[in-house]
Amino acid sequence: MSEELYKQMAQSIIDGDSDLSAELAKQAVEQNIHPLEAITKGFVVGVNYIGDQFGMGEAFLPELVMAGEAMKAAIAVLEPELIKLGEARETMGRVVLATVEGDIHEIGKTLVGTMLSASGFEVYDLGVDQPADKIISKALEVNAELIGMSALLTTTMVRQREVIEELDKEGLRPRIKVMVGGAPITRDWCQKIKADGYSEDAVGAVKIAKELLGKA
Ligand code: B1M
């Protein structure tokens, strides 16, 4: 039953049909399907497919844009459900989250933010295309214990290193920890740029954030 729904979800993203993706997300809620399962087993399958097609030159920018919009429409329905499911009530810590400068991919970063909020973190999501100075000044303003940076492009992942170098230069580490993620980010990259933690998905990001802040 849910397998069929997952297939329709993936297809709605491939077709860039935001009305349908939102409708299918509502059906998942009505059927008590865990919102994260709907995202990972349904919608993400579609967006990955379009991404691969785009990478191979079989799909083009408008399709990528429409797939992104359809993803956002589905996640907008599921986000409040994820928050509702959050069990933690203790404040876990303050996190400043951003997609790095030059990069406008927001879906994964927003999902990480939602999961962190649902798990009791106080999340300051700066959005996309955020330069190092904005990220650092926000972290100082809100007295954040953790900065989370997302990068989806091989050309922008280097920006994560810039923020870390700037934090080091200003003597702000280890007071402020750094977690990195995004499709091209690997454990090797995390070690190379001396980030404190890395996760390949949103659930893992919560685990790493808790570990880094001593709340695991
Ligand atoms: Co873009 N794009 N895109 N795109 N896009 C990719 C990333 C690409 C891999 C597609 C491809 O070619 N196969 C490719 C990058 C290639 C590379 O760098 N090697 C690419 C390209 C080339 C581009 C443009 C340059 C295209 C162009 O203009 N010619 C352009 C760049 C614009 C820019 O940023 N300056 C561009 C634009 C776009 C859209 C705007 C159309 C759209 C984004 C819409 C939006 O966000 N509002 C888009 C999309 C949708 C994609 C793909 C298809 C899907 C990304 C996504 O949302 N995934 C993507 C292909 C792919 O990744 N399969 C692609 C779903 C999301 C839930 O996963 O973001 O990976 P993800 O997040 C995961 C994990 O990575 C992790 O947890 C999340 C949840 O599990 N995670 C973290 C993420 N951040 C984390 C942070 C953490 C921890 C974990 O700690 C802080």
Side-chain angles (χ1 to χ4, degrees), residues 1-88 97 99 103-121 123 125 127-128 148 150-154 179 181-187 198-210:
M1 181 66 184
S2 21
E3 292 311 313
E4 185 50 39
L5 186 60
Y6 294 149
K7 272 193 203 150
Q8 291 174 16
M9 286 170 168
Q11 194 60 45
S12 71
I13 303 298
I14 294 166
D15 295 339
D17 188 337
S18 297
D19 290 341
L20 183 58
S21 65
E23 177 51 38
L24 294 169
K26 282 181 200 152
Q27 284 183 29
V29 175
E30 280 158 18
Q31 293 177 29
N32 285 324
I33 292 173
H34 194 290
L36 208 53
E37 292 241 316
I39 294 170
T40 53
K41 293 190 177 167
F43 298 116
V44 164
V45 174
V47 87
N48 281 344
Y49 176 82
I50 281 290
D52 290 346
Q53 293 293 105
F54 179 78
M56 293 185 298
E58 304 276 332
F60 301 97
L61 196 54
E63 281 136 293
L64 204 60
V65 173
M66 287 175 70
E69 289 305 313
M71 269 306 276
K72 279 170 59 183
I75 288 181
V77 173
L78 296 172
E79 203 171 24
E81 303 303 318
L82 275 173
I83 299 276
K84 269 191 233 160
L85 286 172
E87 289 154 15
L97 193 63
T99 300
D103 198 324
I104 61 166
H105 294 87
E106 66 182 330
I107 296 164
K109 180 266 305 157
T110 305
L111 196 53
V112 168
T114 304
M115 290 300 293
L116 287 171
S117 299
S119 308
F121 288 88
V123 178
D125 186 340
V128 298
S150 185
L152 265 284
L153 299 170
T154 43
M179 174 168 70
I185 307 306
T186 59
R187 196 166 302 286
Y198 145 79
S199 163
E200 64 175 8
D201 59 32
V203 174
V206 172
K207 185 170 169 278
I208 299 295
K210 283 183 184 170

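Each residue takes its place number in the sequence, starting with 1.
Taken from CG in L97 to OG1 in T110, the straight-line distance is 7.5 Å, to the nearest 0.5 Å. Note that the OH atom of Y6 and the CG atom of L24 stand 12.5 Å from one another [nearest 0.5 Å]. Of the inter-residue distances, the one linking S150 atom OG with H105 atom NE2 reads 9.5 Å to the nearest 0.5 angstrom. If you take CD1 on I185 and OG1 on T154, they are separated by 9.5 Å, rounding to the nearest 0.5 Å.
Listed here is the closest heavy atom pair of A209 and F121: CB-CZ, 3.7 Å. Residues L116 and V123 come closest through the heavy atom pair CB-CG2, 3.7 Å. Between L111 and L82 the shortest heavy-atom distance is CD1-CD1, 4.1 Å. Contact detail for A74 and A25: the closest heavy-atom pair is O-CB, 3.7 Å. Shown here for A73 and S21, the closest heavy-atom pair between the two residues is CB-OG, 3.9 Å. When all heavy atoms of S117 and I83 are compared, the closest pair comes out as CB-CD1, 3.9 Å.
A side-chain donor from one of T114 and E79 sits under 3.5 Å from a side-chain acceptor of the other.
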Could you pull out every donor-acceptor pair under 3.5 Å between side chains of residues 46-65 and any protein atom, sequence neighbours left out?
| unit_1 | atom_1 | unit_2 | atom_2 | d |
| --- | --- | --- | --- | --- |
| E63 | OE1 | F60 | N | 3.0 |

Donor-acceptor contacts under 3.5 Å from residues 12-20 side chains, at least two apart:
| unit_1 | atom_1 | unit_2 | atom_2 | d |
| --- | --- | --- | --- | --- |
| S12 | OG | M9 | O | 2.6 |
| D15 | OD1 | Q11 | NE2 | 3.1 |
| D17 | OD1 | D19 | N | 3.4 |
| D17 | OD1 | L20 | N | 3.0 |

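With T99 contributing its side chain and V128 its backbone, the two residues share no donor-acceptor pair below 3.5 Å. Looking at D103, its side chain never comes within 3.5 Å of a backbone N or O of A151 through a donor-acceptor pair.
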Can I208 and Y198 be said to form a side chain to side chain contact (heavy atoms under 4.5 Å, CB included), step by step?
-> CA-CA 7 Å; I208 299 295; Y198 145 79; over 6 Å; no
Working for side chain to side chain contact (heavy atoms under 4.5 Å, CB included), residues E106 and K72 | CA-CA 9 Å; E106 66 182 330; K72 279 170 59 183; 2.9 Å; yes
Can you check side chain to side chain contact (heavy atoms under 4.5 Å, CB included) on M115 and V203, steps first, answer last?
-> CA-CA 7 Å; M115 290 300 293; V203 174; 4.3 Å; yes
Mind running side chain to side chain contact (heavy atoms under 4.5 Å, CB included) on K210 and K207 for me, showing each step along the way?
-> CA-CA 5 Å; K210 283 183 184 170; K207 185 170 169 278; 5.9 Å; no
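By the 4.5 Å heavy-atom criterion applied to side chains, P35 and L85 are counted as neighbours. Inter-residue side-chain proximity for E23 and Q27 is flagged as met; some heavy-atom pair is nearer than 4.5 Å. Side-chain contact check for D125 versus K109: some heavy-atom pair is nearer than 4.5 Å. Using a 4.5 Å cut-off on side-chain heavy atoms (C-beta onward), I75 and F43 make no contact.
Residues in residues 37-47 take part in these salt bridge (Lys or Arg N to Asp or Glu O under 4.0 Å) pairs, two or more places apart or across chains: E37-K41.
Salt bridge present: E81 and K84 bring a charged side-chain N and a carboxylate O closer than 4.0 Å.
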